[in-house]
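Side chains included, hydrogens not; waters and symmetry mates left out as well; all remaining heavy atoms used. The chain is numbered in sequence order, starting from 1. None of the values given here were measured: they were computed from a predicted structure.
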Amino acid sequence: MITSAELRRRFLDYFIQRGHEAVPSSSLVPGNDPTLLFTNAGMVQFKDVFLGQDQRPYNRATTAQRCVRAGGKHNDLENVGYTARHHTFFEMLGNFSFGDYFKREAIAFAWGFLTADLGLPAEKLWVTVYESDDEAADIWLKDIGVDPSRFTRLGDKPGGRPFESDNFWTMGDTGPCGPCTEIFYDHGPEVAGGPPGSPEEDGDRYIEIWNLVFMQYDRNREGVMTPLPKPSVDTGMGLERLAAVLQGVHSNYEIDLFRHLMEAAAKLAGMTETDNPSLRVIADHIRSCSFLIADGVLPSNEGRGYVLRRIIRRAARHGHRLGLRDPFFHRLVAPLVDEMGEAYPELAAAQNRIEKVLEQEEERFAETLEKGLKLLEDAVADLGGAMLSGELIFRLYDTYGFPVDLTADIAREQGFALDMDGFEKAMDAQREKSRDASRFGADYGQQAQIDAHTEFSGYVRAEDQAEVVALLRDGAPVERLAEGESGGVVLDRTPFYAESGGQVGDTGALRAEGVEFAVEDTRKRGSAFVHVGRVASGELRVGDRVEARIDAARRQAIVLNHSATHLMHEALRRVLGDHVEQKGSLVTPERLRFDFAHFAPVSAAELREVERLVNAQIRENLDASADEMSLDEARKTGAKALFGEKYGDRVRVLRIGFSTELCGGTHVRRVGDIGLFKIVSESGVAAGVRRIEAITGENALNYLESVDERLDAIAGLLKTGRDGLDDKLRQLLERQRTLEKALDEAQRTLAAQAGDELVQRAVEVDGIAVLATRLDGVDPKALRETVDRLKDQLGRAAVVLATVGADGKVSIVAGVTKAETARVRAGDLVNSVATQVGGKGGGRPDMAQAGGNDPSGLDAALAAVPAWVETQLKAVTS
């Protein structure tokens, strides 16, 4: 039997021997196509080549491309686990010609690989071509010799547009397009279904295994087809489908790759039987999740990260169905690496990171899964009809983080429909609330419509001469601003940087004879810069000439922090890994704030290493440079694009130390200008997103001076020098632990003595000794030990002890001997007291504890315990 790994190797070797360049699989995150959520076909990485926008040193290529279809237009998620061939992740085997060979060679290559190399019998294959593609038909029928009875021409879909056919491929409404020829495998008459093009074609007997696309035309907006000067070939064959054929199985989930993953998942669940849809879901999902994380995607609430989160949660839910209550999904990464790590080394390299991300996300979801499932089960039990309400679907989504497709999964299993119209209405209502909450007042930088362009001169100048081209008051254009009035000023040119890319806007002043405008912020509106502030003196008019001067000291402080941000970004990637990606930033004169993708807190040692790398760059004091170039040229330099930025055709590439990024901000001339870099905090701000705050230059020096002062003050309090601080602290901590231990022992002794006296205070209620009293001056731990001792001494007993701490908080412990828990439960007993002192609690039937914040009612609550026990006993016996 040929394995999936062998099939992958044989395919690539076959085309390498025929002059094709073996090109590694590209990332699942498309690098050159913002219209795609994920790479979903082998041709995605060659799209620019087919469009003539990229040149490669080869004109023939072959790939085994990893693909995901789980979001957007191409979304197979809901079918995964319920059909034989739907997957979120699959491998596309392909061969490509960029203006080299065409139909004759492509068809011969495909037929030769299937029949000669793999040995598939010709009588098991069926071929289709586009209805009017006589050239391809002649090649198949005359050159290859395909049996005409196993050959079909497929035309346009009934009622559809011209060239709208399964056998005609388009890149879009316009652009490269052309006919296809497809090869199907016949699983035999024992499987239901008819050949392609027949009314029964939706059955499973004939399965498409290879699609050969002939890019032959360029279609314009009017639909006119013009032959391409260099027609090309793009083919795609599903590795999993072909492996199923070669391994003699009908379902993709029965091939070796899936079988091994399903066996690993079954072992975790303590199962021996692997024919289970939940195992199929888990085996599929571990592939897509692992490869997405390896390619830098992290769980989040939007975009690619949200799709990843949905897939992880779907897998976790199916694990829950199999009885897996603890995080398990991450434990399948190692078996996956065993299966696919050789073909995809990047998967093996990222194994530890993948496992950490999956474990954290599963733990996070486990906190809400039980509650959400209970809510859903209760709703289903009370359901009067056969449909889940839209309000419930929305509550599961909004409160418990249940993706709708997860709810649909559960509904499908239990035979219920979903009220999606009701869900959409609830979603619309939420969106309207969000819109209402985000409506703000006038904003000079955002509301005013300004037909003006401001030339920015601030890269090289701190002051400039300019003309006032527009004035704004309360967001509306005006001709003048009088003394004392606030507003916005638009100049034809300015040295003021407008807030962008995380860097705050400049402040300063605009001056003319007898006039001064204090600039408090600078913002962008299209290509215009709006200087926001107040007329300090005189009157400012449209057409006035002014001297624009920024606050140079403030700008310099911003520049230091911004340049350090770039160095820190690169240092983080080197210390933590290439998955680090900027998720937001803020650069002010005081400090820099940097949010980035990472799956765990950054350790103190890692932070120190980041600091060391950045400060080493500062000491090297290399020149910084910024060059303007086309976006394509910038990509070729390896420059990183920043999160949330939109770039035009021309971009600025900043090279500073070991960092190269696209950035339109202002920066130092030499790296040494930064002076000193110091991280002051690291924290988490969202799932998979960490935040670092840092300072530079004089602020960093001031910070270190303040640390020195605090160390000196602490050393003075401890009556030692700085060098002896750690030893002195260790001595004090050890002494404190010794004293706490002694105090603990004393409290337990006192509690034990008090307990012996308390035995005499117990009252008998229907054969049970009931004791409820205060025991002040005892900590909760000693309180629990005393309750246990009293239970032993009293025999059949219910005991409640309480204490009031120095902070006024009430601690209550209740204990019931095990033989009596059928009649009196400690949790109910402790709550009978806690509810009267502003608290609540719980625990085991024989031991429970509670807290409260109103000690004024404690004595009365304890006095009422015997009566409560008596009532409880009567209720049980009645």
Salt bridge (Lys or Arg N to Asp or Glu O under 4.0 Å) filter on E254, not counting sequence neighbours, yields none
On a heavy-atom basis, the closest approach of P299 and V357 is CD-CG1, 3.6 Å
CZ (R317) and OG (S278) are apart, to the nearest 0.5 Å, by 6.5 Å
Applying ring-ring contact (aromatic ring centres under 6.0 Å, His included) to F677 and not counting sequence neighbours gives none
(message) Looking at R612 and E609, is any side-chain nitrogen of the basic one under 4.0 Å from a carboxylate oxygen of the acidic one?
(response) yes
*Would you call E6 and R9 a side-chain contact if the rule is heavy atoms closer than 4.5 Å?*
yes
To the nearest 0.5 Å, atom CD1 of I312 lies from atom NE2 of H285 at 10.5 Å
| field | Under 3.5 Å donor-acceptor, R8 side chain and L239 backbone | value | no
- Does F596 reach the side chain of V602, with side-chain heavy atoms less than 4.5 Å apart? yes
In this structure, CG of L292 is separated from CZ of R304 (nearest 0.5 Å) by 9.5 Å
Open item on the list: Counting C-beta onward and ignoring hydrogens, is there a side-chain heavy-atom pair between V689 and L298 closer than 4.5 Å?
Closed with: no
Shortest non-hydrogen pair, A269 vs L324, comes out as CA-CD2, 3.8 Å
When every non-hydrogen atom of T63 is compared with those of L12, the smallest separation belongs to C-CD2, 3.7 Å
In terms of side-chain geometry, is the basic nitrogen of R364 or E361 positioned less than 4.0 Å from the acidic oxygen of its partner? yes
Determine whether F658 and L567 satisfy the following criterion, side chain to side chain contact (heavy atoms under 4.5 Å, CB included), listing intermediate values before the conclusion.
CA-CA 7 Å; F658 52 27; L567 294 174; 4.2 Å; yes
Check whether any side-chain heavy atom of R259 sits under 4.5 Å from a side-chain heavy atom of T274, and report yes or no.
no
Does V307 form a side chain to side chain contact (heavy atoms under 4.5 Å, CB included) with F38? I'd like the steps, not just the answer. CA-CA 10 Å; V307 175; F38 300 113; 3.7 Å; yes
Do H569 and E661 have a side chain donor and acceptor closer than 3.5 Å?
yes
Closest non-hydrogen contact found for E240 with N252 is O-OD1, 3.6 Å
Between K809 and N853 the two heavy atoms that sit nearest each other are NZ-CB, 3.8 Å
**Prompt:** Do you see a donor-acceptor pair shorter than 3.5 Å between the side chains of T88 and D284?
**Reply:** yes
Here the gap from T821 atom OG1 to L829 atom CG, rounded to the nearest 0.5 Å, amounts to 12.5 Å
Review point. Regarding S26 and Q65, is there a side-chain donor-to-acceptor distance under 3.5 Å anywhere?
Key: yes
Nearest heavy-atom approach of D419 to I393 is N-CD1, 3.7 Å
Side-chain donor or acceptor of R691 paired with backbone N/O of S683 under 3.5 Å: no
* Step-by-step side chain to side chain contact (heavy atoms under 4.5 Å, CB included) determination, L572 to H598 -> CA-CA 10 Å; L572 284 167; H598 187 52; over 6 Å; no
With sequence neighbours left out, the residues meeting salt bridge (Lys or Arg N to Asp or Glu O under 4.0 Å) with R591 are E693
Q.
If we ignore hydrogens and angles and just use 3.5 Å, is the side chain of K425 paired with the main-chain N or O of G390 as donor and acceptor?
A. no
Atom pairs and distances, side-chain donor-acceptor, residues 328-350, under 3.5 Å, sequence neighbours left out:
residue: E339; atom: OE2; partner: H260; partner atom: ND1; Å: 2.5
residue: Y344; atom: OH; partner: A64; partner atom: O; Å: 3.4
residue: Y344; atom: OH; partner: E91; partner atom: OE1; Å: 2.6
residue: E346; atom: OE2; partner: R66; partner atom: NH1; Å: 2.5
residue: E346; atom: OE2; partner: R66; partner atom: NH2; Å: 3.1

- Message: What I'd like to find out is whether the side chain of V787 reaches to under 4.5 Å of the side chain of R784, using heavy atoms alone.
- Response: no
Are V44 and L36 close enough that some pair of their side-chain heavy atoms sits under 4.5 Å apart? yes
>> Has R573 got a side-chain atom pairing as donor or acceptor with V580's backbone, closer than 3.5 angstrom?
In response: yes
| Does the pair I679 and V614 meet the rule for a side chain to side chain contact (heavy atoms under 4.5 Å, CB included), with working shown? | CA-CA 11 Å; I679 293 173; V614 173; over 6 Å; no
Is it true that H320 and F365 have ring centroids separated by less than 6.0 Å? no
Taken in chain and number order and not counting sequence neighbours, the residues that satisfy salt bridge (Lys or Arg N to Asp or Glu O under 4.0 Å) with R574 are E570
Here the gap from F423 atom CZ to M420 atom CE, rounded to the nearest 0.5 Å, amounts to 5.5 Å
Distance col, row I2:CD1 vs L7:CG, nearest 0.5 angstrom, shows 5.0 Å
Counting only heavy atoms not in R825 (residues, nucleotides, ligands), do more than 12 fall under 6.0 Å from its CZ?
no
Taken in chain and number order and not counting sequence neighbours, the residues that satisfy salt bridge (Lys or Arg N to Asp or Glu O under 4.0 Å) with D256 are none
| request: Using a 4.5 Å cut-off on heavy atoms from C-beta on, say whether the side chain of L279 contacts that of M271. | output: yes
